[in-house]
Each structure stands twice: as C-alpha cells, then as structure tokens.
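I have placed the structure first, in the form of structure tokens, so that the comments after it can refer back to it.
Heavy atoms only: backbone and side chains are in, while hydrogens, waters and symmetry mates are out.
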Amino acid sequence: MAMLNVTHDFLEIADGEVVTITPASVDIEDAEGNKVERAPFHVDTDASAAEKGAYEFYMLKEIDEQPAVMRTLEQKYFDEAGNILIDQDLRDAINAADRLYIVAAGTSYHAGLVGKELFEKIAGVPTEVHVASEFAYNMPLLSAKPFFIFLTQSGETADSREVLVNVNKLGYPSLTITNVPNSTLSREASYTLLLHAGPEIAVASTKAYTGQIAVEAILAKAMGQDKDLEVAKNFDLTGELTKVANGMQALVDEKGQVEKLAADVLGTTRNAFYIGRGIDYDVALEAALKLKEVSYVQTEGFASGELKHGTIALIEKGTPVIAIITDPKTAAHTRSNVQEVVARGANVISIAAEGLATDKDQIVLPEVHPLLTPLVSVVSGQLLAYYTSKQRGYDVDKPRNLAKSVTVE
Ligand code: M6R
C-alpha cells in the first residue's frame with residue numbers, strides 16, 4: 001500500500017535470500033549463493049481507493065463502507081444463478097478435514113470466534129479458534145485430519161505466519177482469508193479467499209472484520225451444501241447479506257445518535273464493560289477491543305453470566321456497561337444481568353435486535369439472520385469507539401503504541 005503511488009509491480013523476496021540492487025539490475029541469490037530467477041507480480045489495487053476524501057478519519061470512512069463491502073462480496077462469491085464461486089479444490093480439501101483450526105490475532109481472532117459458530121452450525125464441522133501467538137509455541141493436540149484457516153486482514157501478521165510456517169512443515173492444508181492479494185500468508189497457504197474490502201488504512205480494523213465473517217459464512221454454506229446439509233441448502237445467504245447491507249446502512253445513517261451516546265456515557269470514563277452471551281459475547285470482545293485501542297478506555301468484554309463470578313465487584317456508580325442482546329434464547333438472562341449492574345449504579349447502554357427490543361434500549365438493530373447478527377451489532381460498537389476517541393481529541397486512525405501490520409512476534 002505504501003508504494004502504490006510509485007509502482008504497482010513488486011518482487012517477492014523469500015527468507016534467507018540476498019538481493020543486490022544497482023540502478024540497472026536486481027539480482028537475487030539464495031543462502032547458498034545460487035542465482036534465483038523470479039518474475040515480478042502486479043498489484044491491481046487502485047491507489048485512489050486509499051484516499052480519505054471528505055472524511056476527517058479513515059476509521060469512519062471504513063465503517064461507512066461496510067454495506068458496500070457486503071454487496072461486493074455477494075457479487076464476487078455468487079453467480080447470477082446463486083451458485084457459490086469458490087473453487088471445488090478448496091471445498092473438497094476443507095470437507096476432507098475432521099476439524100477446522102482457525103488461527104488469528106486481535107480483531108481477526110474475534111472474527112474467527114464468529115466463524116466457529118458458522119462452520120459448526122452451517123457446515124457441521126467441529127471448529128477450534130486459537131490466538132496465533134499462543135498456538136505458535138504451544139500447539140494443541142491436533143485431530144487426525146486438521147485443516148487450518150488463517151484470518152488476517154493484512155496477510156503479514158508475524159504471529160499468524162509463524163503458525164503457518166509450522167503447519168506447512170507438518171504438511172497440513174491451509175486457507176488464508178485476507179484483504180491483501182499476494183500477501184505473505186496468502187502466498188504461503190495452500191488456498192486464499194479475498195475479502196475484497198478495499199484498502200483498510202485505519203489501525204482499528206472494521207470492514208475487514210465484517211468482511212471476514214461474511215466470507216466465513218459463504219464458505220460454510222458452500223461446505224454444507226457439498227455435504228448435502230439441509231441447513232446449508234436452505235440458508236438464503238445472498239438474501240441475508242442484502243438484509244445485512246441494508247441494516248448496516250440504516251445504522252451508519254443514524255450515527256448522530258451513537259455520537260451523542262458516546263458523549264453522554266463514555267465521555268470521561270476511565271473504564272467500561274461490554275457484555276453478551278453466545279454470539280453476542282463474541283461481538284462484546286471485539287467491541288471492547290475497538291473501544292480500548294482507539295479511545296484508551298480500559299474496556300473488557302465479558303460473557304454476561306460471568307459477571308456475578310467476580311467482575312461485578314468492579315461495577316460502581318457511573319461505570320458504563322454496554323449490553324448486546326440479539327439472541328432470543330439468552331435475551332432474558334442478559335437483561336437480568338443488566339438489572340444486576342443497574343442496581344449497582346452502572347450507566348447502561350443496551351443494544352438489542354429489533355424483535356427483542358424494548359423502549360428502554362438505546363440502540364435497536366435491524367433484524368438479520370441469527371448467525372449474522374455480529375455484522376450489524378458490531379457497527380454500533382465501532383461507532384461508539386470512533387466517537388469516544390474523536391471527542392477526546394485523539395488521532396483516531398493512529399492510536400498510540402500500535403501498528404497496522406504487526407510484523408514482529
Ligand atoms: O492483519 P491482521 O488481521 O492479521 O491483524 C491482526 C491484528 O493485529 C489486528 O486485528 C489488530 O487487533 C487491530 N488493530 C484491531 O483493530
């Protein structure tokens with residue numbers, strides 16, 4: 001990305017190689033001094049897609065782009081007859097596995113948590129999700145036929161790559177789901193699926209998270225269909241992604257409401273909590289990461305039911321608690337957890353799906369398929385994080401101590 005204003009042609013260098021550059025030539029040698037012949041590759045990405053336009057910060061631009069990313073993914077991964085455009089090779093390889101191992105870091109790890117729900121419920125395959133930096137040096141006991149999925153916006157995260165290098169040594173098949181074609185993790189995995197989200201510049205990842213979840217859903221449906229599973233065949237994913245895109249649009253169109261909530265509830269706080277159950281807990285983790293990384297508010301995501309096992313001791317008058325409620329099975333339980341924190345003085349924002357909402361909920365989410373609710377509920381969390389950071393006068397796109405691509409372990 002950093003070089004697209006200078007060139008669109010790049011030459012890959014592998015580990016251990018030595019390159020001699022003169023004004024007239026580029027020579028590559030391997031560690032033994034043998035000459036390496038390698039053709040450059042071309043990057044099509046339009047540099048203007050990385051411009052901020054009228055936006056003050058990339059993060060808001062990228063939040064606003066999410067409905068378009070959903071529509072692009074529909075076009076890229078479905079033909080007009082509704083067939084899924086994922087190579088049969090990949091589908092066969094992944095369906096031959098007895099267990100999926102999703103490996104990722106940060107926001108991509110959180111997208112993996114939602115992926116587990118999708119792969120288990122739509123494709124019927126047991127799925128584990130691992131933090132890359134932990135997995136790299138403490139590999140769990142693997143199943144007989146593992147298949148690895150690397151989720152990475154940049155495709156360059158060193159922690160994830162370390163795992164992929166080991167996976168390749170062990171000879172296991174792998175897929176990288178990434179936003180960056182030709183990135184290291186894309187080149188080194190057996191298969192790649194792209195997010196087609198356009199360049200993501202803000203350090204805080206937003207559209208890559210929702211893109212990753214949508215691609216996981218498409219892959220899960222393809223896998224389930226190939227296995228003739230009713231749940232997959234009946235999942236009208238193009239229709240559902242259109243609903244998601246419209247729902248996201250409605251949320252970003254009403255961002256002024258979230259801006260006010262951020263000022264009222266998160267304005268000067270030093271800490272905050274996100275709570276939820278099941279898939280809402282997955283989003284609570286991601287929304288908490290967003291808030292902490294751009295606004296420096298110490299924020300934790302908790303499974304609502306865990307509060308009473310210790311964390312509720314931290315709730316005092318004015319502590320912000322943000323509850324995500326989209327699952328009818330657990331809504332009543334989470335609401336009772338909300339009552340418990342209100343009784344201790346918490347300042348609550350509740351984010352509820354339309355069908356479960358009451359007039360006390362501050363944010364009402366448009367109805368979407370129960371497995372796709374993270375795609376809309378996270379938008380509110382992203383906007384709360386954005387406005388809290390902006391209202392505090394921070395550089396939203398470049399939070400302190402963080403880099404966009406984390407290329408060290
Ligand atoms: O490029 P990757 O998706 O592999 O990056 C992983 C994390 O470093 C990244 O998601 C990080 O957590 C973001 N800053 C979160 O907004």
Side-chain angles (χ1 to χ4, degrees), residues 59-60 62-64 66 104-115 117 129 153 202-213 244 247-248 251-252 254-255 257-259 261-262 264-267 269 271-304 306-307 311 319-327 330 334 337-338 341 346-353 361-366 368 372-392 396 399 402:
M59 183 175 175
L60 190 60
E62 290 162 7
I63 292 171
D64 280 358
Q66 291 176 109
T107 287
S108 295
Y109 168 73
H110 295 150
L113 296 175
V114 178
E117 302 290 325
V129 192
Q153 186 285 133
V203 164
S205 184
T206 53
K207 60 181 179 174
Y209 171 83
T210 45
Q212 283 167 339
I213 293 173
V244 164
M248 285 173 158
L251 288 168
V252 296
E254 286 168 21
K255 50 171 80 78
Q257 182 208 356
V258 183
E259 183 173 9
L261 277 174
D264 293 348
V265 180
L266 299 166
T269 190
N271 63 353
F273 295 93
Y274 266 94
I275 60 171
R277 289 172 183 247
I279 215 164
D280 296 333
Y281 170 43
D282 299 338
V283 179
L285 293 175
E286 169 55 13
L289 175 61
K290 253 352 32 118
L291 186 58
K292 75 180 99 170
E293 73 177 319
V294 297
S295 74
Y296 318 141
V297 173
Q298 184 179 356
T299 316
E300 301 305 328
F302 271 96
S304 314
E306 275 292 290
L307 274 179
T311 310
T319 306
V321 176
I322 305 161
I324 304 174
I325 306 167
T326 70
D327 183 351
T330 56
T334 300
N337 300 132
V338 166
V341 295
N347 211 355
V348 171
I349 297 178
S350 50
I351 302 173
D361 295 315
Q362 288 86 343
I363 299 178
V364 177
L365 301 171
V368 298
L372 300 180
T373 55
L375 294 174
V376 288
S377 57
V378 78
V379 175
S380 309
Q382 295 167 344
L383 288 168
L384 280 169
Y386 172 77
Y387 284 116
T388 306
S389 174
K390 184 165 135 62
Q391 285 159 10
R392 289 176 184 224
V396 183
L402 293 173

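Separation of atoms CG (L285) and CG (D280) is listed at 11.0 Å; rounding is to 0.5 Å. We find the CG-CG distance between L384 and L261 to be 6.5 Å, quoted to the nearest 0.5 Å. The distance from atom CG of N271 to atom NZ of K292, rounded to the nearest 0.5 Å, is 12.0 Å. Atoms OH and OH, from Y274 and Y281 in turn, are 15.0 Å apart once rounded to the nearest 0.5 Å. Remark: L372 CG to S377 OG distance equals 10.5 Å, nearest 0.5 Å. In this structure, the separation between NZ on K390 and CG on L60 is 8.5 Å, given to the nearest 0.5 Å.
In this structure, R277 and D327 have side chains that are not in contact, with every pair of non-hydrogen atoms separated by 4.5 Å or more. Using a 4.5 Å cut-off on side-chain heavy atoms (C-beta onward), I63 and K255 make no contact. Side-chain contact between L251 and P366 is present, with at least one heavy-atom pair separated by less than 4.5 Å.
Among all heavy-atom pairs drawn from V258 and Y387, the shortest one is C-CD1, 4.4 Å. Considering all non-hydrogen atoms of both residues, M248 and L375 come closest at CE-O, 3.2 Å. For A288 against G301, the heavy-atom pair with the smallest separation is CB-N, 3.5 Å. The two residues L113 and D282 have their closest heavy-atom pair at O-OD2, 3.5 Å. Residue V376 comes nearest to L365 through the heavy atom pair O-CD2, 4.0 Å, listed as atom of the first residue, atom of the second, then distance. Y209 approaches P374 most closely through the heavy-atom pair OH-CB, 4.2 Å.
Atom CD of Q298 sits in a sparse spot, with 12 or fewer heavy atoms from other residues, nucleotides or ligands closer than 6.0 Å.
Checked by atom type and distance alone, the side chain of T269 never pairs as donor or acceptor with a backbone atom of L266 at under 3.5 Å. In this structure a side-chain-to-backbone donor-acceptor pair under 3.5 Å is missing from E62 to A208. With hydrogens and angles ignored, the 3.5 Å screen pairs a side-chain donor or acceptor of Q362 with a backbone N or O of V348. Using a distance-only test at 3.5 Å, with no hydrogens or angles considered, a donor-acceptor pair links the side chain of S304 to the main chain of G276.
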**Request:** Tell me, with the steps shown, if E306 and T311 meet side-chain contact (heavy atoms from CB on, under 4.5 Å).
**Result:** CA-CA 7 Å; E306 275 292 290; T311 310; 5.8 Å; no
**Message:** If you apply the rule side-chain contact (heavy atoms from CB on, under 4.5 Å), what do you find for I279 with V283, and how did you get there?
**Reply:** CA-CA 7 Å; I279 215 164; V283 179; 5.6 Å; no
**Message:** Run V252 and Q66 through side-chain contact (heavy atoms from CB on, under 4.5 Å) and show every step you take.
**Reply:** CA-CA 9 Å; V252 296; Q66 291 176 109; 5.5 Å; no
**Request:** Show your working on side-chain contact (heavy atoms from CB on, under 4.5 Å) between R392 and V297 and close with a plain yes or no.
**Result:** CA-CA 11 Å; R392 289 176 184 224; V297 173; 3.6 Å; yes
**Message:** Pair T388, S295 - check side chain to side chain donor-acceptor pair (under 3.5 Å), show working.
**Reply:** CA-CA 6 Å; T388 306; S295 74; 5.3 Å; no
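With hydrogens and angles left out, the side-chain atoms of Q153 and S205 include no donor and acceptor closer than 3.5 Å.
In terms of the salt bridge (charged side-chain N to carboxylate O under 4.0 Å, His left out) criterion, residue partners of K290 (sequence neighbours excluded) are, by chain and number, E286, E293. Listed by chain and number, the residues in a side-chain contact (heavy atoms from CB on, under 4.5 Å) with A104 are S108, Y109, L151 (sequence neighbours excluded).
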